[in-house]
Amino acid sequence: MSKPKVAVLISGSGTNLQALLDAAGSNDYPAHVTLVISNRPDAYGLVRAQQAGVETVVIDHKSFKSRADFDAALDRCLRARDIDIICLAGFMRLLTPDFVRAWDGRMLNIHPSLLPAFKGLYVQQRAIDAGARFSGCTVHLVTPEMDEGPIVVQAVVPVLDGDTADTLAARIQVQEHRAYPLALRLVAEGRVRIDGPRTHIADALASGDGMMNPMG
Ligand code: GAR
């Protein structure tokens with residue numbers, strides 16, 4: 001069977017894109033990244049894609065009258081290239097419910113908090129301000145409501161004394177770069193079954209131990 005074709009949608013630096021490109025560069029990875037779309041012409045992730053020899057397309061949201069028009073252009077681009085799975089990786093545009101429904105079960109997003117806590121923006125600062133002892137990242141299937149949808153993978157990091165939004169974001173990103181390739185692998189291998197608000201992962205290895213912060 002041929003590997004599913006993946007489009008990664010970005011708006012910025014694209015470190016998660018890089019993690020997906022690196023993973024997909026290996027022969028035994030079960031998906032191909034064949035397309036990178038940015039809504040911003042200056043996104044550094046476009047350079048990363050070009051360096052990896054992957055096709056890039058800029059669909060600038062500023063040249064469309066409405067969200068629906070922008071999403072229709074996105075959809076045409078994806079279908080013209082027979083894309084099977086979409087990965088949102090720092091793609092900072094809300095998508096219309098019609099678009100989301102059209103890609104139901106085939107679109108992943110990564111978010112830098114342990115959802116359902118801290119949806120939206122400025123999530124690292126909000127986790128610090130709330131006094132959370134742990135934060136992390138979530139890779140989930142996309143549903144029409146922002147930062148909701150069945151969770152595929154989460155990774156946890158401690159919040160440390162003296163953390164700023166930047167130091168916490170950097171710690172979370174290290175885990176993002178592990179979690180996203182894993183989540184895409186699970187979806188591409190057909191091991192993710194959606195069951196209402198949750199997923200069941202076939203043959204999942206769960207880490208056994210709990211974590212405490214502080215440790216003593
Ligand atoms: C990532 O930390 C990702 O979790 C976040 O944007 C960053 C993009 O970084 N996404 C969101 O906040 C979406 N709600 P990258 O361009 O280096 O991958």
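All values reported here derive from a predicted model rather than from experimental measurement. Indexing begins at 1, ligand by ligand and atom by atom, following the structure's order.
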**Q** Quick one: ring-ring contact (aromatic ring centres under 6.0 Å, His included) partners of Phe134, sequence neighbours excluded?
**A** none
**Q** Using only heavy-atom distances, determine whether the side chains of Glu148 and Thr143 contain a donor-acceptor pair under 3.5 Å.
**A** no
**Q** Suppose we screen for side-chain contact (heavy atoms from CB on, under 4.5 Å). Which residues come up paired with His177, at least two apart in sequence or across chains?
**A** Thr15, Asn16, Ala19, Gln173
**Q** With no hydrogens and no angle check, do the side chains of Ser113 and His111 hold a donor and an acceptor under 3.5 Å apart?
**A** yes
**Q** Would Thr96 and Asp98 count as having a side-chain donor-acceptor pair, cut-off 3.5 Å?
**A** no
**Q** Suppose clustering is done on Ile, Leu, Val, Met, Phe, Trp and Tyr with side-chain heavy atoms closer than 4.5 Å. Which residues sit in the same group as Phe118?
**A** Val123
**Q** Pairs under 3.5 Å, N/O atoms on ligand 1 and on the protein: can you put them in a table with the distances?
**A**
from     : atom 1 : to     : atom 2 : distance (Å)
ligand 1 : 2 (O)  : Gln173 : NE2    : 3.0
ligand 1 : 2 (O)  : Glu176 : OE1    : 3.1
ligand 1 : 2 (O)  : Glu176 : OE2    : 2.9
ligand 1 : 4 (O)  : Glu176 : OE1    : 3.0
ligand 1 : 4 (O)  : Glu176 : OE2    : 3.2
ligand 1 : 9 (O)  : Gln173 : NE2    : 3.2
ligand 1 : 14 (N) : His111 : ND1    : 3.2
ligand 1 : 16 (O) : Gly14  : N      : 2.8
ligand 1 : 17 (O) : Ser13  : OG     : 3.1
ligand 1 : 17 (O) : Thr15  : N      : 2.8
ligand 1 : 17 (O) : Thr15  : OG1    : 2.5
ligand 1 : 18 (O) : Thr15  : N      : 3.3
ligand 1 : 18 (O) : Asn16  : N      : 2.9
ligand 1 : 18 (O) : Asn16  : ND2    : 2.9

